[in-house]
Amino acid sequence: MSFMEFVIAAIGIASAIGVVGFRNPLSSAFSLILHLLSIAGLYALLGAHFLAVSQVVVYAGAIMVLVLFVLMLLNLKSESGRRIGIVRSALTVGVGLVIFLTVSGPMLAQFTDISQATLEQNIKASEGGVKAIGELLYGKYMVQFELSSLVLLVGVVGAVMLAKRKNVQLTPREGGMGGAK
Amino acid sequence: MEDTRLALVVLVPLIGAILSYALGRAAPKLAGILATAAVATSFYFVVSLWSSLEGGESFTFTLSSWLSFADVKLPLEIYFDKLSAVMCLVVTGVGSLIHLYSVGYMAEDESRPRFFSYLNLFIASMLILVLGKSLPVIFIGWEGVGLCSYLLIGFWYTNSDFASAGRKAFVMNRIGDLGFIVAMAILYHACGSLDITTLSRPEILARIPSEMGFIAGIALFLAATGKSAQLPLFTWLPDAMAGPTPVSALIHAATMVTAGIYLMARMYGVIELDPVVPAVILWTAFATSAIAALIAISQNDIKKVLAYSTVSQLGFMFLAVGVGAYSVALFHVVTHAFFKACLFMSAGSVIHGCHHEQDMRRMGGLARSMPITCLSYGAATLAIAGIAPFAGYFSKHAILDSLAHVHNPYLHSYSELIGFGATAIAICTAFYMTRSFILTFLGSYRGEGHPHEAPLVMTAPVLVLAALSVGGGLALNHSFFTYLQGPLPPVAHHAGGGTLGYVLGSIPGLIGIAAAYALFVVAPALKDTIRKVLWIGEKLSSGKFYLDELLGLLVIAPIRVLSGVFSRVLDQSVSIGTGNAIGGISRAVGELTCRVTTGQVSTYVLWMFASAALLLYCFLPVR
Amino acid sequence: MDPITSYLGIACLLFTIGGIGLCLRRNAIVLFMCVEMMLNAVNLAFVAFSKIHGNLDGQVAVFFVMVIAAAESAIGLAIILSVFRSVASIETTDAAELKW
Amino acid sequence: MTIAWPPLSSLIVIPALGALGCLAPWFSSKIDTKARFVRVWALGCSILTLVVLAAISRAATLSHGAVLGLEEAHQWIPSLGITYHLELDGLSFAFCLLTAVISLAVIGWSAKPASAGAGWYALLLLGESTVMGAFLATDLVLFYIFFEAMLLPVLGAMALWGGAQRLNASLRFLIYTMAGSALMFLSILYLGWNAQAMGHTLDGNFAFEITTLASMKMLTTTEELVLGLAFLLAFAIKIPMVPFHGWLPDTYREAPHGVAAFTAALLGKVGIYAIIRFMWPLFPNFMAEAGPYLAAAGAVAIVFGALVAMAQRDLRSLLAYSSISHLGFCVLGVAGISTMAMTGAVFQAVSHGLITAALFLTVGAIIDRQGSREFDRLGGLARSIPLTAFFLMIFSVAAVALPLTSSFVGEFLILVGSWKLFPEWTTVALLGVVLGAVYTLTAYLRTMFGPLHAADPQTGGDIRGFDVIVLAGLAAAIIGLGIFPADLLGMISPAVEVAAGPAIVADSSIALGFSR
Amino acid sequence: MNALVPFAPVLALSLGSLGYLVSGQLLERARLTSLFALGLIGAAAYLIVGLLPTAPTVPHGFIINDFSKFFAILACLGAFVSVIGTASSLAGEKIGMLSEYYFLMLTSLCGALVMIFASDFLTLFIGVEVASLALYCLCGARVTKETSSEAALKYFLLGCVSSAFMLFGIALWYGVTGGLVIAPINSSGPLVILSFVLMMVGLAFKIGLAPFHLWVPDVYQGAPTSVTTYMSCVVKVAAFAALFKIALNAFLLPTEWAVGILWFLSVLAMTVGNLAALQQRSVKRMLAYSSVAQAGYMLIGLVVLGDTTSVLASSVFYLTGYCAMTIGAFTVLSVLGPDADSVDDLKGLVKRSPFLAIAMTLFFLALAGLPPSMAGLMGKVYLFTGALSSQFYGLAIIAVLNSALACAYYFRVPAAMLFQAPPTSEPVRVSVFSTFALTFCVAAVVGIGVYPEPLVELCEAVASAAWRQ
């Protein structure tokens, strides 16, 4: 593992912990942006350049902007109230540990002995250029590609339906937020 | 030989039962007449059948195929032979007299139709009992008379005690019936038939295994103890006096209670399979007879005296059964029917005349106001006391005599003791019967109001029976035993004839009478002295030997307790409680299961992860 | 450790961290972010596998997951807004009327 | 003899259609004006069923000498091997006759819950239809369907018109029965699959038809044990046998009189019927092994039921527990291979059906009149309602198995028949004869005898009209069967012998009891 | 053009539903919107039956065979009946934006069809997401009701987590095989098992199997009843189709390791579902828990899978019957009003509307497996015989005891409707649409039980087509 990889991975993991750990959602969001960027870096290191770009644009860009927008809109403070109980935290970490070990164990065991030669060769083949991916998207995965448009459409319509309020009186409690169309 | 008259013997009283109720509701007076006529008609048919009975032949009649299916053959058949003839004659003969008597006795009761209907039903049942060709058919009558007895004891049902007495009679009879059913089961499986003609054949009886023979014999005797009021099941009979007096006369003296004797006589082959059984019968009879006689001494209710006397006399009959003298026992049945019916009916007249007073302490001196009744009661008393030549003398003497000829290995060495004891009981009988006569008819009247003689419709049958009590024994003495030699084993002896024999045979009775006269008329003071000296005996006697209490403690109380425990503890907590518990537990677990759903997403996610972790941990081959 | 397998290890770790975050946090938006993190972890695994196998199918899958994540975010945020309007909070402990 | 549609199905279909017919006016607005019509219609349907049953048996008797093997078979679900197969032999006939008579009596009984309208008759007719189906079906799945279905009308009627605790009682009834039949259901499926797995079926499919299954003799001892126990549990709850009677007291306390009569008279009988019809042929070895235990259970039920009945303070509970006691005799009867006892058990089941229905109806009349069912508030009624008292006496006397009533025939045959096989348990059962007399007469005494209770309403009067006909009819049936039982016994016994036939072959030493 | 034929139903639905977005105000009339939706679903169903090739074909990412066609028809039928049944109650639920509502419902159905037809994991996943995303929104469609949004939020968050699990499973599959096609794998190494478990977590969530069922009661209760009606049928159908497909064609069940997992899930689902339902006063929650339990029964066919097709057919059969029952039951609830939920709301329903009460009783009887609505009973006969024939005695016993236990709560609703006094005597109006849907469901529930032969044969055929030839 190269130094570069190590650093980026470390940033990714640290920022992931940050997302979970920061009490202020805004800090979490910024931490997540960092996390997504570091993942993009890992993609780039793995040779998936198209994905690395998409990751920055779609995730770190579009999605996170949306998240931040909503966060600002709702103008939220840190999580209030009771802290999470120690038992629950321990339980959660324990469960996480079990999942991590049971999932990663066989996975790592399976792929440790791949010969470097095949890997080198494969890396060449999986250079994620735009062209190669584009060919797949419009060839082998055309149906899925078309279907993904349906996913986006659902996203749009769904958001409209939930956010748009027609013929509905706002209760005083939600008065402040009436602005969202 | 099929004979339709046989069917009519049974059916006429049955029809009478229906008609007397149906028509009696419209015209109450008609009920008694119809019922009496029905029984009399039945009597007529019995006599006509009896007269056409020759030699060893018999009549049968099949009413229905009843329990016949596949290879089971148990038709509803009735059968008339000499033994049945004797019983039938007594039942219908004495029965018609008592019916006639009841017309007078019940004249003022508004429920007459019901009464006569029951009474006729009883006659029909009793006839089925004595005519049944197979044990199940006998059982029909056996239970039928039990039912009628129950209904008639509780005839005045608005009094709870009377109704309870009826129930007691029925239940105690039922205990005996268990024996009947067991005996039927054993005999059916061993012999393949329950027909009495088959069951009297030695080669058939030989098929019964020995231990089963013992059980069958004991079981049959248990049945007889229930019906014929022997230890330990006799306490119902005194209580049965709650019924109208004609009922006591008919059912609880003359007919029904002798059904046990009849059964023993019919099934003597089974009884004698194992010699232990007769021994048991004899000792039970002896004890019953003695205890009943002792209790009778201290009773003040005139009907109770007669009731205990009946029990005692039934014990006497069983003594004869125990030694194998069945025709002697039956002879006593017949004479007992005469004099005991006469006694009861006379007592009924007394009660009727004294405005339903039954306590002898409030009677006395009735000889003046009711001479006819006094006469008949006196004659019957002499008969039961065993004074020659009254009827009771012959039968009682025959019994005492037969006791001397015991062949049973289990009894052989006790024959003197039994003979002596039986004589003592005979003395006792004479004593308490004389006592009751003295208390009722002699001295001066101690009650209120004016006692009066019964009307003719009552006195006439009483007189007929009194006459039979006087002369019946003498008339039948010799012919009876020979007559019954077909269906029953022959009896070795004949009651002592000749004047000397009469006098000697009457001695026990005379002793009893004399003692009673001495104590109650000549020297009443002596009575109290004796009472003081024998206080324990007095206590036992007047307390009826505490048999009811004993029974209550040993049988009824445990059953009560068991019943309570079963219903409250076992049933409520175990049977029903288990169901409730299972329901409760599943509901509680369900509640817990729901509690997982806290409504908070984080918890749900945690559960999801934990479950996934569990799945992974459990089902992955490598960890 | 082999570089490729270490990517897989990181993916697993990130997946788990996301899961832990879901269990511990209450703010709906943070929860949503944790979900995104889990998806990203899987994406990383996809890319790593794509490299191991030397084909691009995995990368295509990642592309589709991104599309789906975009739609998800639109809907998710709309739902969160909707919840906020009705209970004036986006903490999941406040939106817990449905239970038991 | 196989006959074409419709005779046997019509026994099921006529009441079912009748039920639908009853509901027809329910949808119209003028319910009141049509109440009379509904009653007549329902009566007509149930009479028609009885007539058809009589006609079928008469026709079969004329042509064959016995109602044996009258069958009706259709394919139903061939791919699962489930058939629509009905059979009317002597055994079924006895129970079908009982069903028809009891339904007629309950429908004819005029006193019904105040709020009950057309639904009352519809549910009763449905009950008749389903119970009839259970007695006719020879395909196990079909039997199971009817076995479950017959629960519902009864449950409905009870929950609609029962006492204060009616919903709890019906829930309890439902759960008990379902819990009992669940394992039987599984066992039925196991049998069907086993037939296929053993390659015994012609078309290589499952088979659920009883004669097919019984003729295969393919079960191992363990299988017989497990499956037999599962079947037994279902029937033990249905009958009910002690200690599986937890549903019974509540049900009989809460159900309306007619429904209680219907339930007590018919539902438990299905258990008795099924033990003979299904368990003996299917599990002969198990039954031979379990016989003594079954006999013991029967004897215990007799004594237990009687003792608990003695402690009851109200009429309906007493009847409930007495039912347990009486059905104990049936269980004792079906426990061993004795034609006599088994025939007796069937006869006793029929007889108990008639008597218990009559008792529930009569007692219902008393309770309705007095407004109370507790002994402490009854008493001395013989004077004010003599006709009711008369009928109650007849039925009580029949309940204690006095000769010349039908129950004597049953109990006598059972006791004598079982004596050979299980003398000790028969002896215990005999105690029930005495205890039965005790509680029955006590109940009668406390209801009818003694001084008139002060709270006697003096209104309502004696039973009259149609009710007298119903009770008289039942009494006639009880006494008629008591005097002339031979025809029915002659029908039952060959069927019973056929059913228990495999067992005779299976164990010749026990079969000795059969020869007499 | 021929290349498009296999996609015709999905295309028809997705393109047709665009009509809602295009037409704007034109389709805002309630009656018309519903009719348009019905027309589209009908068209899709018609295309599935009429246009799709009869021989098995595998075009891009899709697989068309008897198996997928049957499930697709079932999903369409379920959607059709639930749309008819609940159309008239939408107004009461204050779902103002009917165009969007129906658009999402149709798209969701479209996603379900994609799940059913998918022949590779990627398509399957996209199908799952299309169906789920639309449903998340639909759950929150009743914007005036707090619980509706809450249900949407819960469903959304948990659904995304489950998707992540499933996706991880798919990633592992890709890691093992190097492809995304649902094709047999000749390995049962730990990674394959891991992949199966992770996908199973995702699918078990969608189906609602315990212990991944926690969302079910909340969402069924919180969502508008019309959505619940739709969801309870279509999601289960699609998820089961997907599960059967990947289990049989990719993981080559039956395998020793899978039996343990599935057995565990099945037993847990039926037990937990039934026990939890015992305590519910809310009918919707009760039905939700009951659906968990029923899902446990339906899984039996997969647990006991032997070398014959008939056990799988039994699951398919049961699923078919279950759809009719659950749609019927929820439709009745939706007719009673948007907030009809507690058992008390159903008290004395027979006085207010005999038709509704009797229909509901029949559905509950069917769920309990009692005659006369014998769809449930026959389904159990079929299922348990299968379990026994594969020697899964323990499973069969647990299942049968569970179905006995279930009667305790299934009894409660009919008891309230039939045997208790109504709080108001006001009659319930049942629209023609709902009457039609309910009649259909009643006919199905009774008919399937009384004459199951055709369906049994069909299911056998479907089950034997479940394996890719």
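Side chains included, hydrogens not; waters and symmetry mates left out as well; all remaining heavy atoms used. Below, chain A is the first sequence line, B the second, and so on; all start at residue 1.
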(Q) Need one label for E/Phe121: side chain, backbone, both or neither, based on atoms under 4.5 Å from any heavy atom in chain C. (A) neither
Q) Can you say whether E/Leu214 sits under 4.5 Å from chain C via the side chain, the backbone, both, or neither, judging by heavy atoms? A) neither
Q) CG/E/Leu157 to CD1/C/Ile80 distance, rounded to the nearest 0.5 angstrom? A) 6.5 Å
**Q.** Interface moiety of C/Leu31 toward chain E, non-hydrogen atoms closer than 4.5 Å
**A.** both
Q. For C/Phe64, is it the side chain, the backbone, both, or neither that has a heavy atom closer than 4.5 Å to a heavy atom of chain E?
A. side chain
Q: Indicate yes or no for a side-chain donor-acceptor contact from C/Asn55 to the backbone of E/Gly178 under 3.5 Å, with no hydrogens or angles considered.
A: yes
Q: Mind telling me whether E/Tyr174 and C/Phe49 have parallel, tilted or perpendicular rings, with 30° and 60° as the class edges?
A: perpendicular
Q.
Given 3.5 Å as the limit, does a donor-acceptor pair link the side chain of C/Glu72 with the main chain of E/Cys160, or not?
A. no
Q) Sub-3.5 Å donor-acceptor pair from the side chain of C/Glu97 to the main-chain atoms of E/Glu150, do we have one? A) no
Q | Results of salt bridge (Lys or Arg N to Asp or Glu O under 4.0 Å) for E/Asp218 - residues two or more places apart only | A | E/Lys154, E/Arg285
Q.
Is any side-chain heavy atom of C/Cys12 closer than 4.5 Å to one of E/Phe168?
A. yes
Q | Under 4.5 Å from a heavy atom of chain E, the part of C/Val65 involved | A | side chain
Q) Measuring heavy-atom distances to chain E, does C/Ile79 have an atom under 4.5 Å in its side chain, in its backbone, in both, or in neither? A) side chain
**Q.** E/Leu180 portion near chain C, given a 4.5 angstrom heavy-atom threshold
**A.** side chain
Q. Which heavy-atom pair separates C/Leu98 from E/Gly222 by the least distance, and what is that distance?
A. CD1-CA, 3.8 Å
Q) Is chain C contacted by the side chain of E/Ser148, its backbone, both, or neither, given a heavy-atom distance below 4.5 Å? A) neither
Q) Which bit of E/Ala276 comes within less than 4.5 Å of chain C, counting heavy atoms only: side chain, backbone, both or neither? A) neither
Q. Pick from E/Ala164, E/Ser163, E/Gly175: which one has the most heavy-atom pairs with chain C under 4.5 Å?
A. E/Gly175
Q. Given that the side chain runs from C-beta out, which part of E/Gln279 has a heavy atom under 4.5 Å from chain C: side chain, backbone, both or neither?
A. neither
Q: With a 4.5 Å heavy-atom cut-off (strictly below), which parts of residues 122-138 of chain E touch chain C? List them by number.
A: E/Leu122, E/Phe125, E/Ile126, E/Glu129, E/Leu133, E/Tyr136, E/Cys137
